Protein chains: 2
Amino acid sequence: MRESTALDDMICFQLYAASRGMTAIYRPLLEPHHLTYPQYLVLRVLWHDGPTTVRDLGHTLRLDSGTLSPLLKRLEAQGYLRRERDTHDERVVWAHLTDTGTALREAIGDLTQRLVCATGLTLDELSQLHQLLTRARQSAKGNT
Amino acid sequence: MRESTALDDMICFQLYAASRGMTAIYRPLLEPHHLTYPQYLVLRVLWHDGPTTVRDLGHTLRLDSGTLSPLLKRLEAQGYLRRERDTHDERVVWAHLTDTGTALREAIGDLTQRLVCATGLTLDELSQLHQLLTRARQSAKGNT
DNA sequence: TCGGGTTCGGTTGTGCACAACTAAATTGGG
DNA sequence: CCCAATTTAGTTGTGCACAACCGAACCCGA
């Protein structure tokens, strides 16, 4: 189990750098719609799942209300979604897309190919990468 | 080259989430020394390379002066390093460790094992992960 | 039923990431 | 030699990430 000293630290940096590099690729693709990558993630959840509570958005994206509240406020100000209190449980707030927000899905289109190309990895390698990241995150969730 | 649509988007999110999860593991390990993960990265460069210019720190960590300037100011305020203008080229600023900053290396010790364990991945898998991330970053650097 | 504990969203404060900009020092071509 | 272009660090402004905290709403057991 030795010999990993340098490698693991490099992985942590690669992870950190790769994540920032990934959002840097998204940036010019999302900028025309005045979206950031985290905002885009929220919209993807709403496009996929329909109206969602702030709580569920937080669980899905691993973000707390300290991050989501102002982010959703900005998306609402841009007219992409609206927030409404649940009538039965006043603690809960639902985020639901406006027509503009729904239409945005088509306007943005499929960014996938551009991201895949940027990595220069094959589909097998991407699948491998996905599996490794998922397993590491899964394991880390327990071993805190 | 089809069929990647869902997968690639999941990878981008996994990357984003894994990076934040990684820093979350570092946080309690660094907090006793009042360090953040990016601050720790700067110290690692200085521990490894000795006195370094702000410019080279930026190249190494892929950060610009807008991020590094205040970060270095905070590390200086904590007494871990000092900044000094180059006498021959007044544009250049050198960051060099204080004795406290140098000693910190031993005080923090080797965090590697704890990170490796958290991932639950084997050394082969970590090596694979490292290689995939590096290649993707390398490729993305060109294809922008 | 009622009162303590929990859940939920929001606010505040700190630090990072990055774009856009500034100012000073240096460089290099004419 | 000189001045325009470049390099370098720093500043400002915006948005994300997260800890710490708050208040309101809800839940549940005695």
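From a predicted model like this one, the values you see are computed outputs, not experimental measurements. Note: hydrogens, waters and symmetry copies are ignored here, and every other heavy atom, side chains too, is used. We name chains A, B, ... by the order of the sequence lines, and we start the count at 1 in each one.
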From the set [options], return the single nucleotide nearest to any side-chain atom of [X].
X	options	value
A/R20	C/dC18, D/dA17, C/dT11	C/dC18
B/R83	C/dG10, D/dT11, D/dG10	D/dG10
A/V92	D/dG10, C/dA19, C/dC8	C/dC8

Looking across every strand, which nucleic acid part, if any, lies under 4.0 Å from [X] by heavy atom: base, sugar-phosphate, or nothing?
X	value
B/S69	base
A/L68	nothing
B/T67	base

Would you indicate, yes or no, if [N] has its OP1 or OP2 atom less than 4.0 angstrom from a side-chain nitrogen or oxygen of [X]?
X	N	answer
B/Y37	C/dG15	no
B/K73	D/dG10	no
A/R27	C/dA19	yes

Item to check | Annotated protein contacts, base or backbone, on nucleotides 22-27 of chain C with a non-hydrogen cut-off under 4.0 Å, one of B, S, - each | outcome: ---BS-
Checklist entry - Judged by modelled atom types alone, do A/T122 and A/D124 share a side-chain donor-acceptor pair under 3.5 Å? => result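 Distance-only check fails for A/T122 and A/D124.
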Next on the checklist: For A/L15 and A/L133: C-alpha separation, side-chain torsions, deciding distance, then whether side-chain contact (heavy atoms from CB on, under 4.5 Å) applies.
Outcome noted: CA-CA 10 Å; A/L15 206 53; A/L133 290 174; 3.6 Å; yes
Item to check | Pair B/E76 + B/R83: basic N to acidic O under 4.0 Å | outcome: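 Yes, this pair counts.
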Checklist entry - Taking atom CG of A/L104 and atom CG of A/L35, what is their separation to the nearest 0.5 Å? => result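 Spacing of CG (A/L104) from CG (A/L35) equals 5.5 Å.
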Item to check | Nearest-nucleotide 5' precedence on DNA chain C, A/T53 against B/Q39 | outcome: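 Its nearest nucleotide lies further toward 5', so the answer is A/T53.
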Next on the checklist: Expected output is a numbered-order residue list: members of residues 55-66 of chain B with a heavy atom under 4.0 Å from any atom of DNA chain D. What is it?
Outcome noted: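 Heavy-atom cutoff 4.0 Å gives B/R55, B/S65, B/G66.
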Checklist entry - Should the ring pair B/Y37 and B/Y26 be called parallel, tilted or perpendicular, given that the plane angle runs from 0 to 90° and is split at 30 and 60? => result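 Rings of B/Y37 and B/Y26: tilted, 30 to 60°.
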